[in-house]
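Here's the structure, in structure tokens; my notes come after.
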Amino acid sequence: MMEQRTCPSINDSTVRTPLKASVSSIRSIPFCSPAMASEPAISSSHVADFSALPYDILVKIAASFNFPNVQAASLVCRSWSEAVRPLREAILLLKWGKRFKHGRGGVSPNTEKALDSFLKAVALGSTLAMVDAGLIYWERGERSKAIAMFQKAAELGDPAGQCNLGISYLQDDPPNSKEALKWLYKASFGGNARAQYQLALCLHRGQGIDSNMKESAKWYLKAAEGGFVRAMYNIALCYSFGEGLNHSHKLARKWMKQAADHGHSKAQFEHGVALFSKGEMMKAVVYLELATRGGERAAVHVKNVILQRLSATTRDHVMLLADRWLACPNLDFLIHSLNRF
């Protein structure tokens with residue numbers, strides 16, 4: 001499975017409670033259908049040959065394919081297999097690029113070699129490589145080269161490229177909100193959770209568009225369902241205060257816990273306090289310890305109050321659970337054993 005790619009950073013700090021007070025700032029492809037097998041035969045001179053399509057058309061159809069999609073397309077028929085050969089080569093180059101970038105697979109980190117691999121894959125038409133090359137350029141401060149890569153990927157329909165391009169426009173001086181929203185909407189409808197979160201922030205803050213909390217909450221929820229952690233926290237606040245959605249304590253608690261379990265320090269603090277108020281001391285102190293480690297100073301006092309009520313053995317066990325959490329984003333399998341204490 002290919003790694004999820006990240007987007008360039010932007011000032012996207014999560015919404016703080018209450019929400020009102022905080023506002024200051026696989027496309028379808030033309031695969032052969034089973035019905036085609038029963039159609040009357042036509043002369044070979046009129047048979048459509050996928051591999052004979054112009055290369056620029058092939059790029060638009062398959063450029064954003066990931067490895068499983070390329071494999072599937074290669075198995076359709078011989079002509080399709082030949083047509084996507086460059087993308088198979090691009091996927092291998094992309095994998096090597098990631099190894100060099102992150103120092104995996106027995107190789108040392110080497111940004112130059114990573115970029116070289118990505119650019120070779122770009123030449124073969126892979127939008128995934130365009131985005132990765134753009135990220136390296138962005139990290140180097142070569143903004144114009146990064147945007148050129150994001151633009152190319154975006155125009156070929158890659159949601160991550162569209163997201164990154166939209167965020168790049170938001171960072172213009174002054175921001176180009178119109179273009180940013182255009183690409184963020186495209187990426188959001190394409191299922192990119194980061195874009196959905198960024199779009200929700202724009203709608204929440206009224207950045208380049210009229211503030212619309214109902215629409216903002218809709219996109220926060222989509223991003224949260226897509227696994228974007230900051231969106232989980234924000235949608236918990238939406239449910240908690242009835243901002244853009246009907247008030248629901250149950251759904252607020254659900255999303256706050258999910259954000260906490262995925263490492264959001266503010267959510268860990270708030271979920272820990274909620275557990276404390278319910279009398280679930282040992283579970284509460286685990287979350288509060290994690291929040292403390294995440295920099296939430298307010299968690300320290302509450303955590304210490306609880307620790308004073310626990311035995312030395314239980315305190316040690318709770319700290320052990322907090323240590324072990326680092327290897328797993330879900331506390332459920334850890335804290336069930338607390339009931340023994």
Side-chain angles (χ1 to χ4, degrees), residues 2-15 22-27 59-60 63-66 118 122 126-235 238 244:
M2 301 301 296
E3 295 184 11
Q4 182 177 354
R5 291 160 289 151
T6 58
C7 303
S9 62
I10 192 169
N11 182 16
D12 58 356
S13 57
T14 53
V15 182
S22 71
V23 182
S24 58
S25 58
I26 303 181
R27 300 170 299 168
V59 167
K60 290 181 180 179
S64 60
F65 279 13
N66 57 19
F118 291 147
V122 168
S126 171
T127 64
L128 282 69
M130 295 170 196
V131 173
D132 278 316
L135 289 171
I136 288 183
Y137 282 133
W138 189 274
E139 291 162 4
R140 287 180 168 186
E142 298 180 67
R143 181 184 176 86
S144 61
K145 290 183 178 180
I147 291 175
M149 286 291 169
F150 297 150
Q151 180 89 40
K152 190 173 183 180
E155 291 175 348
L156 289 168
D158 186 283
Q162 293 167 343
C163 174
N164 289 8
L165 184 60
I167 291 174
S168 300
Y169 280 122
L170 286 176
Q171 293 194 347
D172 279 348
D173 188 16
N176 187 339
S177 298
K178 181 179 179 181
E179 281 296 303
L181 288 167
K182 165 189 168 182
W183 290 109
L184 289 174
Y185 266 110
K186 285 179 180 288
S188 295
F189 282 114
N192 185 281
R194 172 61 191 268
Q196 291 166 347
Y197 172 74
Q198 194 64 55
L199 178 59
L201 282 177
C202 290
L203 289 161
H204 183 185
R205 295 169 174 166
Q207 185 175 5
I209 192 171
D210 291 339
S211 180
N212 186 329
M213 201 59 221
K214 184 176 181 179
E215 188 74 3
S216 174
K218 181 187 82 172
W219 288 110
Y220 279 140
L221 182 57
K222 286 183 179 295
E225 291 172 341
F228 202 77
V229 179
R230 280 169 281 183
M232 296 177 188
Y233 178 71
N234 283 13
I235 200 62
C238 289

Notebook entry, point to check: Can you check side-chain contact (heavy atoms from CB on, under 4.5 Å) on Phe118 and Leu128, steps first, answer last?
Noted result: CA-CA 9 Å; Phe118 291 147; Leu128 282 69; over 6 Å; no
Rounded at 0.5 Å granularity, tell me how far [atom1] in [X] sits from [atom2] in [Y].
X: Ile147; Y: Trp138; atom1: CD1; atom2: CH2; value: 5.5 Å
X: Gln171; Y: Asn176; atom1: CD; atom2: CG; value: 13.0 Å
X: Leu165; Y: Leu170; atom1: CG; atom2: CG; value: 10.0 Å
X: Met149; Y: Ser144; atom1: CE; atom2: OG; value: 11.0 Å
X: Leu199; Y: Gln207; atom1: CG; atom2: CD; value: 10.5 Å
X: Phe189; Y: Gln196; atom1: CZ; atom2: CD; value: 9.5 Å

What's the shortest heavy-atom distance between [X] and [Y], and which atoms?
X: Pro159; Y: Ala187; value: O-CB, 3.3 Å
X: Ala153; Y: Val131; value: CB-CG2, 4.0 Å
X: Ile209; Y: Cys202; value: CG2-O, 3.8 Å
X: Ala200; Y: Ser216; value: O-OG, 2.8 Å
X: Ala224; Y: Ala231; value: N-CB, 3.5 Å
X: Ala223; Y: Ala193; value: CB-O, 3.5 Å

Notebook entry, point to check: Are the side chains of Ile167 and Gln198 in touch, meaning some heavy atoms are under 4.5 Å apart?
Noted result: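 SC-SC contact between Ile167 and Gln198 confirmed.
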Note to self: If you define the side chain from C-beta out and look only at heavy atoms, does anything of Met232 sit under 4.5 Å from Tyr197?
What the structure shows: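 When only atoms from C-beta onward are counted, Tyr197 and Met232 do not touch, as no gap falls below 4.5 Å.
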Checklist line | Pair Phe150-Asp158, side-chain contact (heavy atoms from CB on, under 4.5 Å): steps then yes or no | finding: CA-CA 9 Å; Phe150 297 150; Asp158 186 283; over 6 Å; no
Next item on the list: Report the residues that fulfil side chain to side chain contact (heavy atoms under 4.5 Å, CB included) with Glu215, sequence neighbours left out, ordered by chain and then residue number.
Entry: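 Listed in chain order: Leu203, Asn212, Lys218, Trp219.
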Next item on the list: With side-chain contact (heavy atoms from CB on, under 4.5 Å) as the test, would you mind laying out the steps for Ser188 and Gln162 before giving the verdict?
Entry: CA-CA 9 Å; Ser188 295; Gln162 293 167 343; over 6 Å; no
Notebook entry, point to check: So, Ser211 side chain and Arg205 main chain: donor-acceptor pair closer than 3.5 Å or not?
Noted result: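 No; zero donor-acceptor contacts below 3.5 Å.
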Notebook entry, point to check: Restricting to pairs with a member in residues 160-177, which pass salt bridge (charged side-chain N to carboxylate O under 4.0 Å, His left out), not counting sequence neighbours?
Noted result: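 Checked against salt bridge (charged side-chain N to carboxylate O under 4.0 Å, His left out) - neighbours excluded - the pairs reaching residues 160-177 are Arg143-Asp172.
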Please tabulate, for side-chain N and O atoms in residues 177-184, each donor-acceptor pair with protein atoms closer than 3.5 Å (sequence neighbours left out).
{"unit_1": "Glu179", "atom_1": "OE1", "unit_2": "Trp183", "atom_2": "NE1", "d": "3.4"}

Checklist line | Lys145: side chain to side chain donor-acceptor pair (under 3.5 Å) partners, not counting sequence neighbours | finding: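 Partners of Lys145 under the side chain to side chain donor-acceptor pair (under 3.5 Å) test: Glu142.
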